[in-house]
Number of protein chains: 2
Amino acid sequence: MNIGEAAKTSGVSAKMIRYYEQTGLIPKADRRDSGYRDYSPADVHMLRFIRRARDLGFAVAEINELLSLWRDKSRQSADVKRIAQAHIAQLRERIDSLEQMAATLGTLADCCAGDDRPDCPILADLEEPGDGASASGPFTSKTGRLRHRP
Amino acid sequence: MNIGEAAKTSGVSAKMIRYYEQTGLIPKADRRDSGYRDYSPADVHMLRFIRRARDLGFAVAEINELLSLWRDKSRQSADVKRIAQAHIAQLRERIDSLEQMAATLGTLADCCAGDDRPDCPILADLEEPGDGASASGPFTSKTGRLRHRP
DNA sequence: GATGCCCCTTACCATCGTTGGAAGGTCAAG
DNA sequence: CTTGACCTTCCAACGATGGTAAGGGGCATC
């Protein structure tokens, strides 16, 4: 199976398949005489596993952990559960940050007339954060910022 | 005012101030004879504006928009409100994605014995997503992924 | 006036996951 | 044989931030 086919059936782009191979997340694919990578259904299975884990927000490093547990038939489900729960906690933190942001902005927008007058509580708050719906607590400079999604 | 002082009083690191200048988010700072950048209280004010907007999750491109409205005294608060509301909608989308992820994982973890047996519904779902708490709907490959926060 | 310390400058490199492109080889169909 | 779709490798970029290194200035203290 070509990399293109593997990409289509797994949902992981060919670019990313090569990247995952390069970074060691997945083992080096077999090569045909032409140099083309050759994928088995089992490889595609693994790729779909990765894809699914990415969709669930796991970082590649975490997926690495999950993959070794997946490959290890004698794995303990407790290990997997631990990783999953740690990830859930991470997700909750980010959700909280985002909700704080949205709440702050929502309050400001509600106070905003939204007409053609230059008075704007949103800009005013950006200038000098108010107390009411302040978002300057839990997330300072490093937390709650989202990755740019292309 | 030195860049260090400006950084301290604005909450934006010196590094980022230079970066913002380089990328055109803020105008080039005045220079003293020594070559040091020189910042006025107004500049610091602007930096705090930026900082606050970053804390609220605005991307730099959005902050650019906000900054021009901020500088434009005849701005219409409707414009600001529009930007803010679009941003809120973005935040809500991401929150939804994250909540779906957390819910899916939570369900799986609840079903997981968490003992030393190899049977693990979490891994099973990663292999072949189930229907119950599937998270394969709204967020496919590009949505809901978080930026890595160092 | 010299010494030490901190700050400043520019200029790279790394991160993380992903996408894009260029330059060239392979394969299957016409 | 040609064409076009595929594959290969390599290199670069994104966005925001941190780090580091080398070289020089500013200021307080001796």
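Letters A, B, ... mirror the listed sequences (proteins, then strands); counts begin at 1. Because only heavy atoms are used, hydrogens play no part in the values below, and waters and symmetry mates are left out as well, while side chains stay in. Because the structure is a prediction, the values reported are computed rather than measured.
Electrostatic pairing of A/Arg92 and A/Asp96 does not count as a salt bridge here, judged by no charged N lying under 4.0 Å from a carboxylate O.
The shortest distance between side-chain heavy atoms of B/Arg51 and B/Met16 does not fall below 4.5 Å.
At whole-Å resolution of the value, CD in B/Glu5 and P in C/dC6 are 17 Å apart. Between the P atom of C/dC27 and the CE atom of A/Met1 lies a distance of 18 Å, rounded to the nearest Å. When rounded to the nearest whole Å, the span between CG of A/Leu47 and P of C/dG17 equals 16 Å.
For the ring-ring contact (aromatic ring centres under 6.0 Å, His included) condition, the pairs that include at least one residue of residues 77-128 of chain B, sequence neighbours left out, are B/Phe58-B/His87.
Between the side chain of B/Asp116 and the main chain of A/Gln76, no donor-acceptor pair closer than 3.5 Å is present.
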Original post:
What is the per-nucleotide protein-contact pattern of nucleotides 8-13 of chain D, from the 5' end, where B denotes a base atom under 4.0 Å from a protein heavy atom, S denotes such proximity for sugar-phosphate atoms only, and - denotes neither?
Top reply: BB----
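Side-chain contact annotation: A/Ser40 with A/Asp43, donor-acceptor N/O pair under 3.5 Å present.
Within 4.0 Å (heavy atoms only), A/Ser13 reaches sugar-phosphate atoms of the nucleic acid but no base atom.
Nearest nucleotide to the side chain of B/Met16, out of D/dC7, D/dG18, C/dT19: D/dG18.
Here A/Arg32 does not reach the OP1 or OP2 of D/dC7: none of its side-chain N or O atoms lies under 4.0 Å away.
Here A/Phe49 pairs with A/Trp70 under the ring-ring contact (aromatic ring centres under 6.0 Å, His included) rule; sequence neighbours left out.
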